[in-house]
Amino acid sequence: MLMPSKVKYRKQQKGRRRGTALRGGTLSFGEFGLQALEPGWLTARQIEAGRVAIQRHVKRGGKLWIRVFPDKPITKKPAETRMGKGKGAPEAWVSVVKPARILFEMEGVDEKTARDAFRLAADKIGIKTRFISRAFEEAVR
């Protein structure tokens, strides 16, 4: 599971997920990518489930890049606990995703295989996404 090895502060505030991604919106490494279309939090478990689904579908062929990293701690108070007594303990790690952010990139496979693999991964993560390719990016520019 992805998580930072060390953080400066154990707990963070929630923050807001307004606007589009400033960086990470274009394909940098691979030929095909999975792009987020709405804001949200991707947990480390969702990222890992997407990675496993992709690699199982392409039968470990091609190369995969994960372009998001869960570096934000999410806290939770124990069940059946009264209000007050401070903030809960860190429970999970999430990555803040804004629209236009590339989540995964892949190369070394044909377009149909990549499209199917990314569809499987998109089902594992809880936000709307779309499949993009280098040809699509150049046509948009």
Side-chain angles (χ1 to χ4, degrees), residues 1-83 85-141:
M1 203 83 58
L2 292 172
M3 69 188 312
S5 56
K6 195 165 100 177
V7 289
K8 189 167 185 180
Y9 299 107
R10 263 183 75 224
K11 300 173 183 178
Q12 279 185 22
Q13 293 187 333
K14 276 188 182 151
R16 296 288 173 266
R17 295 182 292 252
R18 265 193 288 251
T20 57
L22 291 172
R23 292 177 181 82
T26 58
L27 291 173
S28 300
F29 306 104
E31 192 69 26
F32 309 107
L34 187 67
Q35 186 177 44
L37 293 179
E38 62 184 12
W41 282 345
L42 279 190
T43 66
R45 288 172 185 267
Q46 288 172 316
I47 296 168
E48 178 66 8
R51 181 194 69 80
V52 168
I54 291 169
Q55 289 187 326
R56 281 213 178 118
H57 186 75
V58 298
K59 298 184 175 57
R60 296 213 303 255
K63 175 123 178 67
L64 177 71
W65 288 270
I66 302 171
R67 295 281 307 273
V68 289
F69 185 81
D71 56 355
K72 181 183 186 69
I74 298 303
T75 62
K76 196 168 183 201
K77 290 178 77 86
E80 300 179 9
T81 305
R82 292 185 178 188
M83 293 288 104
K85 306 254 189 301
K87 191 168 178 162
E91 278 290 307
W93 292 89
V94 298
S95 172
V96 178
V97 173
K98 291 185 174 183
R101 179 73 195 228
I102 305 289
L103 307 176
F104 297 101
E105 286 189 38
M106 193 189 320
E107 75 174 8
V109 294
D110 61 296
E111 184 173 344
K112 185 185 182 318
T113 306
R115 196 177 284 274
D116 292 343
F118 282 145
R119 183 184 45 76
L120 289 171
D123 291 341
K124 307 288 183 217
I125 58 182
I127 60 175
K128 283 184 188 165
T129 58
R130 73 174 170 188
F131 177 84
I132 60 168
S133 62
R134 290 243 183 237
F136 173 80
E137 270 196 341
E138 288 166 8
V140 170
R141 274 189 213 146

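Worth saying up front: this structure is predicted, and the values here are computed from it rather than measured.
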**Message:** Checking Ile132 against Phe32 for the side chain to side chain contact (heavy atoms under 4.5 Å, CB included) test, could you report, in this order, the C-alpha distance in whole Å, the side-chain angles of both residues, the deciding distance, and whether it holds?
**Reply:** CA-CA 6 Å; Ile132 60 168; Phe32 309 107; over 6 Å; no

**Request:** Tell me, with the steps shown, if Arg67 and Leu103 meet side chain to side chain contact (heavy atoms under 4.5 Å, CB included).
**Result:** CA-CA 5 Å; Arg67 295 281 307 273; Leu103 307 176; 6.0 Å; no

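When every heavy atom of Leu2 is checked against every heavy atom of Val68, the shortest pair comes out as CD1-O, 4.5 Å. In terms of heavy atoms, Pro99 sits closest to Gly19 at CD-O, 3.3 Å. Shown here for Pro90 and Pro73, the closest heavy-atom pair between the two residues is CB-CB, 4.5 Å.
Two residues are said to be in side-chain contact when any heavy atoms from C-beta on lie closer than 4.5 Å; Leu34 and Ile125 meet this criterion. Looking only at side-chain heavy atoms (C-beta outward), Val7 and Trp93 come within less than 4.5 Å of each other.
Within a 6.0 Å radius of CZ in Arg56, no more than 12 heavy atoms belonging to other residues, nucleotides or ligands are found. Open room surrounds NZ on Lys124; 12 or fewer heavy atoms of other groups in view lie less than 6.0 Å from it.
Residue Thr81 holds its OG1 atom at 10.5 Å from NZ of Lys76, rounded to the nearest 0.5 Å. Taking CD of Glu31 as the reference point, atom CZ of Arg134 lies at 6.0 Å (rounded to 0.5 Å). Atom-to-atom distance recorded for Asp110:CG and Arg115:CZ is 11.0 Å, nearest 0.5 angstrom. For the atom pair CZ of Phe29 and CD of Glu107, the computed distance is 10.5 Å after rounding to the nearest 0.5 Å. A distance of 9.0 Å separates OG in Ser95 from CZ in Phe69, rounded to the nearest 0.5 Å. Note that CG of Leu37 is 6.5 Å distant from OG1 of Thr129, once rounded to the nearest 0.5 Å.
One finds a salt bridge joining Arg51 and Glu48 here, because a Lys/Arg side-chain nitrogen approaches an Asp/Glu carboxylate oxygen to under 4.0 Å.
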